[in-house]
Every structure is written in structure tokens, then in C-alpha cells.
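Written below as C-alpha cells is the structure these notes are about.
Proteins come first, then strands; the chains are lettered A, B, ... in the order of their sequence lines, and each starts at number 1. Here the structure is a predicted model, which is why all the values come from computation and not from measurement.
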Protein chains: 2
Amino acid sequence: MANSASGESIIGRFVKIVNAFDDTHPAMSVAELGRRTGLPVTTTYRLVNDLLLERLLEREPGGDIHIGTRMWELASRSSKMLGLREAALPFMEDVQAVVQHSTTLGILDSDEVLYIERLGSDKTIVDITKIAGRLPVHATSSGLVLLAHSPSAYQDAFLARPLTKFTETTLTEPAALRRHLAEIRQRGFAAMPGVIVPESSGIAVPVFGPDNTVRAALSVVVPRNEENTPARVPVLMAAARGISRALGWRGELKGTLRQSH
Amino acid sequence: MANSASGESIIGRFVKIVNAFDDTHPAMSVAELGRRTGLPVTTTYRLVNDLLLERLLEREPGGDIHIGTRMWELASRSSKMLGLREAALPFMEDVQAVVQHSTTLGILDSDEVLYIERLGSDKTIVDITKIAGRLPVHATSSGLVLLAHSPSAYQDAFLARPLTKFTETTLTEPAALRRHLAEIRQRGFAAMPGVIVPESSGIAVPVFGPDNTVRAALSVVVPRNEENTPARVPVLMAAARGISRALGWRGELKGTLRQSH
DNA sequence: TGTCGATTCCCGCTCAATGGTAATCCTCCT
DNA sequence: AGGAGGATTACCATTGAGCGGGAATCGACA
């Protein structure tokens with residue numbers, strides 16, 4: 001499926017190129033793009049030109065390249081993300097108004113947490129979540145909530161892999177994690193003090209869809225010393241129920257374990 | 001630049017495919033995708049498979065295809081859109097809280113208005129703006145504001161083209177439009193009663209960047225009978241100044257015409 | 001059982017994509 | 001002015017990925 005010496009398809013190279021851009025590298029010259037992607041010079045220029053024609057990339061006055069408006073438009077036009085985001089936004093605003101630090105909405109994607117919306121404030125101290133950013137499942141409150149309500153086959157596969165220990169409090173033992181997941185299901189929320197960076201804590205609750213499976217995790221990130229979990233959980237839970245209902249969820253089935261399959 | 005009989009590049013076909021999805025067609029079978037794009041059957045299947053591998057498209061249980069999470073992620077990761085959106089959102093919420101109908105943020109892209117954010121409510125009646133949706137420049141309040149503050153060379157080129165008359169109130173005469181644009185610059189806002197659909201009116205104001213050029217248009221859409229323009233304009237203007245300042249704008253230069261170039 | 005559509009498999013053709021090399025352009029420094 | 005270093009464009013021989021027609025298979029529905 002590839003004309004290239006390296007055996008990649010054009011689509012693969014396209015992803016490589018777009019992937020070379022991130023928040024720290026929002027724009028760069030074509031030459032640097034070639035270096036970052038490892039593609040041959042000529043090939044890079046040819047491909048970039050194709051992409052410029054379709055406006056998936058754009059050239060700024062200086063000559064540097066950045067991701068084009070068209071790319072965002074095409075991706076956003078018909079995305080399940082938009083529906084979820086739109087349903088969640090008003091509730092997230094309410095949470096943010098009360099909690100004042102940072103409110104995020106994340107989904108499970110490719111064994112990682114992908115954050116699709118984030119409300120922050122100037123007070124926000126250490127919060128590494130970014131919109132369209134990814135973080136590991138086992139080291140975030142959102143991730144653990146999502147994992148806790150995933151099909152058990154998925155959990156098994158996930159726990160079979162080796163997990164990175166980011167800080168002292170990061171759980172990496174399958175058995176300990178399993179116990180913790182059960183606790184999360186039972187309590188209805190996850191509270192993780194400094195599992196990825198020691199300075200901040202996350203509290204997360206699940207958001208459900210019409211079929212009673214988990215769709216997303218709603219969470220707040222607060223400084224380590226002022227967690228005040230008992231006070232924050234009810235706010236989060238109420239908001240999550242609101243979002244779930246906006247998605248078509250009709251209340252949890254009485255006495256049903258939420259873990260599906 | 002193309003291996004195909006029709007002379008399209010793969011990138012071009014990729015755009016065709018993604019473009020086949022919209023809010024009314026969020027998912028479809030590969031065969032239907034082939035029909036909608038006009039691509040040969042086999043080619044469609046091969047290309048779709050490539051895209052599925054990169055998760056730019058995703059297959060749902062039924063077999064239908066929809067746009068993948070990866071697509072949104074790549075597009076959103078480093079986009080000027082995000083910065084603008086993030087700066088604007090809090091102010092838009094304030095406007096929305098007061099106006100209660102529908103608040104939008106639009107930019108000028110490819111001679112059309114592209115809406116990058118929209119806050120609505122249940123009360124929202126007729127409002128055809130959608131996030132990532134496009135509308136013609138000359139038939140929207142946002143578009144006219146953006147056009148009014150564009151370089152005059154751009155305005156000339158735009159006004160040289162024939163313009164569609166959507167309703168009775170749509171201005172299509174270059175001379176009349178020019179007068180109107182001058183008025184918009186002078187007043188600082190555009191108020192368009194029913195230029196695209198007769199039932200609703202738009203009021204829009206410009207948002208400026210650090211270099212004092214217009215970046216976006218902030219607007220509200222209200223029912224035709226309860227426009228109350230004089231009451232709404234100050235709210236919009238204050239919010240737009242807030243957004244502009246968040247973008248790095250430092251106040252307008254005294255006595256300067258805002259029309260650049 | 002038969003029909004219709006979606007999907008996959010097969011396969012020979014061919015030209016677009018490839019990527020090395022070299023020329024040109026551009027910017028900054030001396 | 002000169003020239004060093006990088007970015008960009010131009011050139012071009014090679015080749016296999018993409019192409020797309022056609023047929024087989026799967027699957028739903030009547």
C-alpha cells in the first residue's frame with residue numbers, strides 16, 4: 001500500500017505531517033517539517049503543496065506552514081465529539097463557576113484519555129490537560145473512571161500491559177488497580193491525588209449515554225492541598241447526570257451493575 | 001499530480017470523502033460514500049481502508065463509516081481556531097446569558113463566513129448557523145462586519161462578483177453594499193433583519209487582533225420581531241472588546257480608520 | 001428459494017509518486 | 001561586496017502503488 005521506499009501510504013504520510021504540529025510547534029518551515037517527519041525533502045515539498053492546494057495546510061506570510069482552517073472544518077462538520085461537547089458545555093460552565101480551577105471532559109480513545117473540552121481560569125495552576133490532548137488512562141482520574149465502566153474484556157487487556165509509574169501515588173499493580181476500579185464503580189467517582197504530577201489532584205465522574213454505557217468522564221483538577229473531595233463530588237455528579245440526560249440517558253437501571261458485558 | 005483517470009490526487013480524493021459527511025449525513029456505507037463522491041467502487045473501498053487504518057475514519061458496529069476521532073484530534077491540536085475560541089468563550093457566555101437566543105463567533109474564510117463557535121438555547125428558533133458551518137458573506141451580519149473591515153482590495157474583488165438575493169432585504173448592489181459597509185465601519189456594528197431567512201435578524205460587531213485588523217465577528221441572532229438593536233449593541237461591543245483584549249489587542253488607535261491597507 | 005445491494009477478491013496496466021542530485025534563492029554575518 | 005548556510009525549487013530516471021473493471025461472495029429481505 002505504498003509507493004515509498006519506507007512502505008508508507010500517502011495517507012500515512014499525511015498523518016505524519018499533520019501530527020508534526022502541536023501546541024509547542026504550531027508552525028514551521030517545510031524543511032523543518034521534513035526533518036521532524038523524517039520524510040525525504042522532495043517528497044515533503046510535493047506533499048505539502050498538495051495539502052496547500054486543498055487548504056488542509058496553510059502558508060503564512062513568513063513562509064512557515066501551519067494547519068489549515070479547512071482541516072478543522074472538515075473534522076468538526078460531522079463529529080460525535082461536537083454533540084457531546086455541546087451537551088456538556090452548559091453543565092461544565094456551572095461546575096467551573098463553582099470550582100474555579102479547571103473542568104475537563106474526556107473520552108477513551110486508543111487506550112488513552114482524549115480531552116475534548118476544557119474550561120480553565122487564570123487561577124489554574126498545574127493542569128497539563130489540553131483540548132485535543134492525551135494522557136494515560138491509569139494515571140488520571142478521568143481515565144480510571146472510563147476504565148472502571150468499560151467492558152471487562154477491555155479492562156483485562158488493558159491491565160495486562162505494563163504501566164508507567166509517574167509518581168509515588170500512581171497505581172501500577174493490576175490487582176491493586178482492579179480493587180480501585182471496583183471502588184470507583186461503587187462510589188461513583190474517582191479521586192486521584194497527584195498520580196501524574198504531584199502538585200495537582202483530579203476528581204472525575206462518569207457520563208452515560210442512552211444505552212447506559214459510559215460515554216465520557218467529567219472531571220475537575222484542583223491543587224493538591226485544597227482538594228476538598230467530599231464537597232466537590234456532589235457538584236460533579238449532578239452535572240454529569242445533567243449531561244447524561246442531555247445525551248438521552250434515562251436514569252440508571254435499578255440495581256444494575258454499570259459495568260457492561 | 002494524480003494517478004487517477006479523473007486527474008485527482010489522493011489528497012483531493014481524501015477531501016472529497018471527508019467532505020461527503022455533514023450534519024445530515026454523519027454516517028453512511030462505503031458504497032453510498034462512493035456514490036456521493038463519484039469515485040469508482042474499488043477505489044473507494046481501498047481508500048477507505050487506508051483511512052480506517054489511520055483512524056481518520058471509523059467503522060461503527062452496523063458497518064457504516066463516520067469521521068474518526070483522530071481527525072478531530074489532529075485538526076484541533078494546533079489550530080489558531082482554538083486560541084480564538086478559548087479567548088472568546090467566556091465573553092460569549094456572558095452575552096448568551098443576557099441575550100438568551102443564540103450567540104456566534106465567525107471568521108472570514110474562502111469568501112464565506114465560517115462559524116467556529118455557537119452558543120444556543122432551547123428558545124432558539126430559526127438560526128441556521130452551525131459550528132463549522134458556512135454562510136455567505138453578504139447575507140449575514142457577521143459577514144458584513146468582516147467584509148467592512150477587510151482590505152479594500154479584497155472588498156473590491158468581492159463586490160465584483162454577482163451576489164445571490166436571498167430575501168427582500170438582502171443587498172446585492174455593489175454601490176448600496178459599499179454605502180452599507182461604510183455605515184458599519186462608522187457605527188461599529190451591523191444589523192441585518194432577515195437577509196438570509198426572513199424570520200430572524202442578526203447583529204454583529206468586529207473582534208480585533210493585536211495588529212488592529214479584524215479577526216472575527218461576534219454576533220447574536222434573534223427573532224425578527226424582538227430585535228431591540230439599541231439594547232443589544234452595547235453588550236456585544238463590550239464583549240467584543242474583551243475578546244480583542246484577550247487576543248492581545250491594546251485599544252484602537254485614536255482617530256484611525258479601522259479599514260486597513 | 002431468489003433478488004438486490006454491499007462488500008471483498010482478483011489482476012494486468014500504467015503513470016503518478018518517488019527521491020536522489022543539483023541549481024537557485026534568500027538571509028544573515030563578516 | 002562576498003560568501004556561508006539553509007530553504008526552496010527544478011530536473012529526471014525508475015518503479016511499484018494506485019487504479020478500476022469484472023467477478024465472486026456475503027447478507028438481508030421477501
Would you mind reading off the distance between [X] atom [atom1] and [N] atom [atom2], rounded to a whole angstrom?
X	N	atom1	atom2	result
A/D50	C/dA17	CG	P	7 Å
A/L47	C/dG19	CG	P	11 Å
A/L53	C/dA17	CG	P	12 Å
B/M28	C/dG5	CE	P	19 Å
B/I10	D/dG20	CD1	C1'	14 Å
A/F14	C/dA17	CZ	C1'	17 Å

Provide the closest heavy-atom pair for B/A246 versus B/F91 in the form atom of the first, atom of the second, distance.
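Minimum heavy-atom separation between B/A246 and B/F91: CB-CE1, 4.4 Å.
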
Taking every non-hydrogen atom, the tightest pair across B/A27 and B/E60
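Residues B/A27 and B/E60, closest heavy atoms: CB-OE2, 3.8 Å.
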
Would you please name every residue forming a side chain to side chain contact (heavy atoms under 4.5 Å, CB included) with B/R245, sequence neighbours left out?
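Result, side chain to side chain contact (heavy atoms under 4.5 Å, CB included) vs B/R245: B/R241, B/W249, B/R250.
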
Decide side chain to side chain contact (heavy atoms under 4.5 Å, CB included) for A/H138 and A/V113; before the verdict, give the C-alpha distance in whole Å, the side-chain angles of both, and the deciding distance to 0.1 Å.
CA-CA 9 Å; A/H138 71 290; A/V113 183; over 6 Å; no

Tell me whether the OP1 or OP2 atom of D/dC19 has a side-chain N or O from B/R46 closer than 4.0 Å.
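For D/dC19, OP1/OP2 do have a side-chain N/O of B/R46 under 4.0 Å.
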
D/dG20 phosphate, OP1 or OP2: any side-chain N/O from B/T43 under 4.0 angstrom?
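Yes.
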
Side-chain (B/R215) to main-chain (B/L84) donor-acceptor, under 3.5 angstrom:
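Such a contact is absent between B/R215 side chain and B/L84 backbone.
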
A correct 5'-to-3' footprint of nucleotides 6-12 of chain C, with B, S and - meaning base, sugar-phosphate only and no protein heavy atom under 4.0 Å, is SBBBB--

Rounded distance (nearest 0.5 Å) linking atom CE of B/M81 with atom CD of B/E86:
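CD of B/E86 is found 13.0 Å from CE of B/M81.
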
